[in-house]
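What follows is one structure encoded as structure tokens, with my remarks underneath.
What you are looking at is a predicted structure, and each value in this text was computed from that prediction instead of being measured.
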Amino acid sequence: MAALVLSAMITVWLGLWGPLFSIKIDNWNDSTGLAAWAQALVAGIALLVVYYSATIPARTEAAERAAEKKLRGDGLALLLFADVLVLKGEIETIIEHGSIYDVAVEVSATLMSKTDQLYLLEDAGAILLQAIGMINAVAAQTRRYQKAATIEGVPIQSKAEAGVPIWENNVRTLQLCLMNLDEFIECIQSRPIG
């Protein structure tokens, strides 16, 4: 782009005021000066026309891609909304009535299969991805404790005391996750559709 503009400026300078083909008022009929002037003018106009005609399709394509990304994001938001509400309810239940020995909250397969498309939701997608990471971390921590503190699903009473701080940490993490899910829901609800 800069090279095109520079070449146009040099061409115009050489054609109008340059030392090779200078036009003087008294010799307008001099064919050399007039030809150089016309060439410079036409070259400058041609460069501008080529530049604008070359960038119009690129700008149109960029606008179409942005519109398609927005539509795909809207569709993804509608698909995930129900799964997020169900997940939020499960987390609220486990916080209020759960223990370290309960089955860990799992992210639904539908939600997990869409994680690579969350970039379409921009900030809301990043918030949801963070919440999914928190849920997976709590589930891994819970399963790790349960593996060491149960025998065939029956809790070992002597290891129950060690599970209390782990469960308290899991509850705090799940509360933060609920805040993220609430923020995700708010972002999706305030997102202009269409």
Side-chain angles (χ1 to χ4, degrees), residues 55-194:
T55 58
I56 288 172
R59 282 184 264 158
T60 304
E61 184 180 329
E64 289 172 357
R65 275 187 303 207
E68 180 185 352
K69 181 181 175 187
K70 172 84 170 87
L71 287 174
R72 289 177 63 204
D74 292 345
L76 183 63
L78 292 173
L79 282 173
L80 297 180
F81 198 75
D83 285 334
V84 169
L85 289 177
V86 169
L87 181 63
K88 183 179 176 220
E90 290 175 4
I91 292 171
E92 288 170 345
T93 301
I94 198 97
I95 287 173
E96 292 175 16
H97 306 293
S99 76
I100 192 71
Y101 295 108
D102 291 336
V103 176
V105 175
E106 295 288 333
V107 178
S108 69
T110 307
L111 201 52
M112 286 301 291
S113 69
K114 302 293 184 192
T115 54
D116 61 336
Q117 297 177 18
L118 290 179
Y119 72 93
L120 294 170
L121 299 175
E122 298 167 353
D123 290 342
I127 292 167
L128 182 58
L129 192 59
Q130 185 179 23
I132 290 171
M134 288 179 183
I135 293 167
N136 288 338
V138 166
Q141 182 78 0
T142 302
R143 283 192 296 272
R144 189 177 310 118
Y145 174 79
Q146 288 174 351
K147 186 176 181 182
T150 60
I151 297 176
E152 296 179 15
V154 178
I156 301 171
Q157 292 302 321
S158 62
K159 295 189 178 189
E161 187 71 27
V164 173
I166 294 171
W167 179 247
E168 289 172 354
N169 186 40
N170 285 352
V171 166
R172 283 193 297 275
T173 304
L174 289 173
Q175 288 169 341
L176 290 172
C177 181
L178 276 179
M179 289 171 44
N180 277 5
L181 292 177
D182 286 337
E183 190 174 350
F184 171 79
I185 291 169
E186 183 180 314
C187 284
I188 295 303
Q189 288 175 339
S190 64
R191 183 181 176 98
I193 302 289

Can you name the closest pair of heavy atoms from Q146 and D102 and give their distance? NE2-O, 2.6 Å

Within the structure provided, determine whether Q141 and R144 are in side-chain contact (heavy-atom separation under 4.5 Å). yes

If you round to the nearest 0.5 Å, how far is CG of L85 from CD of E90? 11.5 Å

I127 versus L181: any side-chain heavy-atom pair under 4.5 Å? no

Rounded at 0.5 Å granularity, tell me how far OH in Y119 sits from CZ in R72. 4.5 Å

Which pair of non-hydrogen atoms, one from V103 and one from I94, has the smallest distance, and what is that distance? O-CD1, 3.7 Å

Looking at D123, I'd like to know if its CG atom is crowded, meaning that more than 12 non-hydrogen atoms belonging to other residues, nucleotides or ligands lie closer than 6.0 Å. no

May I ask you to test the L128-L111 pair for a side-chain heavy-atom distance under 4.5 Å? yes

Working for side chain to side chain contact (heavy atoms under 4.5 Å, CB included), residues K88 and E92: CA-CA 6 Å; K88 183 179 176 220; E92 288 170 345; 3.4 Å; yes

Here the gap from W167 atom CH2 to R172 atom CZ, rounded to the nearest 0.5 Å, amounts to 12.0 Å

Check the pair I100 / N170 against side chain to side chain contact (heavy atoms under 4.5 Å, CB included), numbers first and verdict last. CA-CA 9 Å; I100 192 71; N170 285 352; 3.8 Å; yes

Expected output: side-chain N136 to main-chain G133 donor-acceptor under 3.5 Å: no

Side chains of M134 and L174 in contact at under 4.5 Å (non-hydrogen atoms): no

More than 12 heavy atoms of other residues, nucleotides or ligands under 6.0 Å from CD of E186: is that the case? no

V107 vs T115 side-chain heavy atoms within contact, under 4.5 Å: no

Side chains of L178 and I95: does their closest heavy-atom pair fall under 4.5 Å? yes

Any side-chain heavy-atom pair from L80 and L118 closer than 4.5 angstrom? yes

Closest heavy-atom contact between C187 and S190? O-OG, 3.2 Å

Could you pull out all residues at least two apart from R143 that satisfy salt bridge (charged side-chain N to carboxylate O under 4.0 Å, His left out)? E106

Go through the steps for E122 and K70 under the test side chain to side chain contact (heavy atoms under 4.5 Å, CB included), then give the verdict. CA-CA 10 Å; E122 298 167 353; K70 172 84 170 87; over 6 Å; no

Between the CG atom in L87 and the SG atom in C177, the distance rounded to the nearest 0.5 Å is 6.5 Å

Could you pull out the closest heavy-atom pair between L121 and G73, with the gap in Å? CD2-O, 3.1 Å

